[in-house]
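Single-structure report; data block below.
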Amino acid sequence: MIKHDKEADFNLKSLIIKGLEISPDCFVVMQGEENKILYCNHTFADIFGSTNDQLVGVTNKTLLKQAWQTKRGINIETQDFDEWMARVNELHKVKEVNQFETDLTDGRWFRMTRMNLEQDIKIYFGVDITELKKLQHDLEIAVQQIERLANTDALTNISNRRFFEVISEKKFAIAKRYHKDFSVMLLDIDHFKKVNDNYGHEGGDDVLKALARMCTDMVRNTDTLCRIGGEEFVVLLPETNLKKAYILAERIRLAINKHDFYIVNLKCTVGISVSIGVSAIKEEDENVRDILNRADAALYMAKKVGRNRAISKKE
Ligand SMILES: Nc1nc2c(ncn2[C@@H]2O[C@H](COP(=O)(O)OP(=O)(O)OP(=O)(O)O)[C@@H](O)[C@H]2O)c(=O)[nH]1
């Protein structure tokens, strides 16, 4: 606490004003019903492309309207300025100290603190939080990337089992709630072990990547394709009944069976086949597991009766 010392003859007020003048933070004092500016520091005036002297006596409304019209100063996104201003005035009548964040047209951000004092005086103090906002933004992007990586299969770049566990329950819940069609397709490469044995693990990886790309191209973007095991894939098909799901399964199976999969290292191609189990939601299903169990049984049957086929299971 600085004591006012008359003998030392320093003027506390002018010292404070000097301090405010060199501050990178903004400060403004307004008074009356119209919020006329009594004082503002350099940083505040600079935001509006003015000097302190030019702004003294100007009302908050005039200042902000000019900012809105010229798009200089504070970023004001509204079609109806008067309605926006009325809302701001209401908020700022509240006696308690309040804080809000505001962005400027030059990209800077300030965290403003407002305080209402006696004689209808308001003071606003704004701290430049641009760096903080940038960090916050970068952090949000990083979190999104981490989230994406956690849900993505590194080899094929499609969704992984972790994502499947969450999304399949969600899609099932929506279909059940709104009595919509919903089907599931389980796809497993036949004798994939042989591909690895004959073309090496990297060759096997080439096949998995190409198969994921093919399937991605063949399903709708409202469908969800995930790799849920080594050579096992699942497709969730909202708004799709068993018959349509089976037709799609056959189309995918045939396309894969006709395709020559390129093995990069060996510069050769290999043909493969897949078995597919298909099932659809039933009234009595309680969770997505119920549908998956039927698809799994259909897949097992497809393998058992000779592979390279799609089988749909109703019951
Ligand atoms: N290249 C490669 N192979 C994998 C990967 N994950 C699992 N595998 C292989 O996939 C093969 C799966 O073998 P099995 O479960 O016996 O099945 P399969 O040989 O496809 O036989 P069926 O399913 O009965 O037709 C194993 O050889 C695994 O090593 C992977 O990420 N890359």
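The analysis underlying the following values was restricted to heavy atoms, covering all of them including side chains, and did not include hydrogens, waters or symmetry mates. Both counts, for ligands and for their atoms, begin at 1 and track the order of listing. Quantities reported herein were computed from a predicted structural model and do not represent experimental measurements.
At a 4.0 Å heavy-atom cut-off, ligand 1 touches Asp205 through backbone and side chain alike. Contacts of Asp188 with ligand 1, taken as heavy-atom pairs under 4.0 Å, involve the side chain alone. Of the heavy atoms in Ile189, only backbone atoms (N, CA, C, O) come closer than 4.0 Å to ligand 1.
Remark: the Asn160 side chain and the Arg227 side chain contain no N/O donor-acceptor pair separated by less than 3.5 Å. Side chain to side chain, Asn35 and Lys61 fail the donor-acceptor criterion of an N or O pair below 3.5 Å. With hydrogens and angles left out, the side-chain atoms of Thr240 and Asp181 include no donor and acceptor closer than 3.5 Å. Side-chain contact check for Asp153 and Thr156: at least one donor-acceptor pair (N or O, by modelled atom type) lies under 3.5 Å. Between the side chains of Thr113 and Gln99, a donor-acceptor pair is found at a separation under 3.5 Å. A donor atom on one side chain and an acceptor atom on the other are not found under 3.5 Å apart for Arg87 and Asn89.
Distance from atom 6 (N) of ligand 1 to its nearest protein heavy atom, with residue and atom name: Gly230 CA, 3.1 Å. Of the protein's non-hydrogen atoms, Lys303 NZ, 2.8 Å is the one closest to atom 23 (O) of ligand 1. The protein heavy atom nearest to atom 20 (O) of ligand 1 is Phe192 N, 2.6 Å. When only non-hydrogen protein atoms are considered, atom 14 (P) of ligand 1 lies nearest to Glu231 OE2, 4.2 Å. Summary of contacts: the protein heavy atom closest to atom 13 (O) of ligand 1 is Lys193 CB, 4.1 Å. Among protein heavy atoms, atom 3 (N) of ligand 1 sits closest to Asn196 ND2, 2.8 Å. Protein heavy atom in closest approach to atom 21 (O) of ligand 1: His191 N, 3.5 Å.
Which parts of ligand 1 touch Gly204 is read off a 4.0 Å heavy-atom cut-off, strictly below it: atoms 1 (N). Every atom of ligand 1 with a heavy atom of Leu208 under 4.0 Å away is listed here by number and element: 2 (C), 30 (C), 31 (O), 32 (N). Atoms of ligand 1 lying under 4.0 Å from any heavy atom of Asp190, numbered from 1 in the order shown and given with element: 20 (O), 25 (O).
No more than 12 heavy-atom neighbours from other residues, nucleotides or ligands sit within 6.0 angstrom of CD on Glu33.
Note on ring orientation: taking the six-membered ring where Trp is involved, the planes of Phe100 and His92 are tilted (angle from 30° to 60°). In this structure, Phe261 and His259 have perpendicular ring planes: the angle between them is above 60°, well past the 30° mark.
Ligand 1 lies less than 4.0 angstrom from a heavy atom belonging to Arg227.
Minimum interatomic distance between Tyr39 and Glu21 (heavy atoms only, all atoms of both residues): OH-OE2, 2.8 Å.
Residue Arg307 places at least one N or O, backbone or side chain, under 3.5 Å from an N or O of ligand 1.
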